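Accompanying notes for the structure given below.
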Amino acid sequence: PLEETFFKGIYQLLPAHSLKWDGKKKDITRYWRVQYRPDEHLDEKATMKELEDVMLDSVEKHKLSDVEIGSFLSGGIDSSFLAAASKVPKTFSVGFEDSKYSEIPLAKKLCEEKGMENYSKTITDKEFWDAVPIISYYLDEPVADPSIIPLYYLCQLASKYVKVVYSGEGSDEIFGGYNIYQTHYSLEPVQWIPFPLRKGVRKVMEALPFSFKGKE
């Protein structure tokens, strides 16, 4: 959202901007801005077909490389689609010691079905926290998403085998895939409750000794 970085006197070029320097002055221009133009004449089936065609075309165009291409693979929809559509020979996954938070089994299952190799790494608790100061330095600016830590190890793993990878990063933002995007709708049923009463309920919830979804 801002040009500032962690480092004094160092600024970043914002997304969709280009910088031209002639030796004396700089000229920054914005070259692209997202535009949504929904076609009301398309039904759901036609929309899905058009979306699939665009995505497959994009995957095909990104195959232009003079080195082998691999793919990050979490087992989720985004990276699974990219890996399957591109037919890459190698995929890379990371997980955690707690099996509840590890997507490695899902990734390996897809690779078995599609005939792809899968390289994986399980991140330990110690490795997770040891990486925080290193990643904070290289980020240049604050990022409040803990996924940057597994992504750091994922990049380390992939770099041992390939130079270029496909990634599903950004798909949830484009397609509204995060649960937080549904917060407004999930809160609608309680909007009729008077604010003083809601405030009292909040205090009671905060005092409860155990944690549950929605308490925060």
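In what follows, every heavy atom counts, from backbone to side chain, and hydrogens, waters and symmetry copies are set aside. Every value quoted in this text rests on a predicted model; they were computed, and no experiment measured them.
Residues L154 and Y138 share a hydrophobic cluster, clusters being chains of Ile/Leu/Val/Met/Phe/Trp/Tyr side chains in contact below 4.5 Å. Under the 4.5 Å side-chain heavy-atom criterion for Ile, Leu, Val, Met, Phe, Trp and Tyr, V143 and I149 are members of the same hydrophobic cluster. Both Y31 and V34 belong to a common hydrophobic cluster when Ile, Leu, Val, Met, Phe, Trp and Tyr are linked at side-chain heavy-atom distances under 4.5 angstrom. By the rule that hydrophobic residues join a cluster once side-chain heavy atoms approach within less than 4.5 Å of another member, L106 and V94 end up as members of separate clusters.
Counting non-hydrogen atoms of neighbouring residues, nucleotides and ligands closer than 6.0 angstrom, the CD atom of Q12 exceeds 12 such neighbours. When the shell of 6.0 Å around CD1 of I28 is examined, it contains more than 12 heavy atoms from other residues, nucleotides or ligands. Within 6.0 Å of CH2 in W129 there are 12 or fewer heavy atoms belonging to other residues, nucleotides or ligands. More than 12 heavy atoms of other residues, nucleotides or ligands shown are found within 6.0 angstrom of NE2 on H17. In L13, the CG atom is crowded: over 12 heavy atoms of neighbouring residues, nucleotides or ligands sit closer than 6.0 Å. Heavy-atom neighbours of E44 CD from other residues, nucleotides or ligands within 6.0 Å: at or below the threshold of 12.
When ring centroids are compared, F92 and Y119 come within the 6.0 Å threshold. Here the two rings, on F7 and Y137, have centers that are under 6.0 Å apart.
Between E117 and Y161, every side-chain heavy-atom pair lies at or beyond the 4.5 Å cut-off. Y152 has its side chain out of reach of E127: every pair of non-hydrogen atoms, C-beta onward, lies at least 4.5 Å apart. You'll find the side chain of V59 reaches within 4.5 Å of the side chain of L82, heavy atoms only. A 4.5 Å side-chain heavy-atom check between M116 and P89 finds every atom pair outside the cut-off. Contact of the F128 side chain with the Y153 side chain is not registered, since no non-hydrogen atoms from C-beta on lie closer than 4.5 Å.
Using a 4.0 Å cut-off between charged nitrogen and carboxylate oxygen, K109 and E112 do not count as a salt-bridge pair.
Using a distance-only test at 3.5 Å, with no hydrogens or angles considered, no donor-acceptor pair links the side chain of S58 to the main chain of V54.
Side chains of S71 and T91: a donor-acceptor N/O pair is absent below 3.5 angstrom, by distance only.
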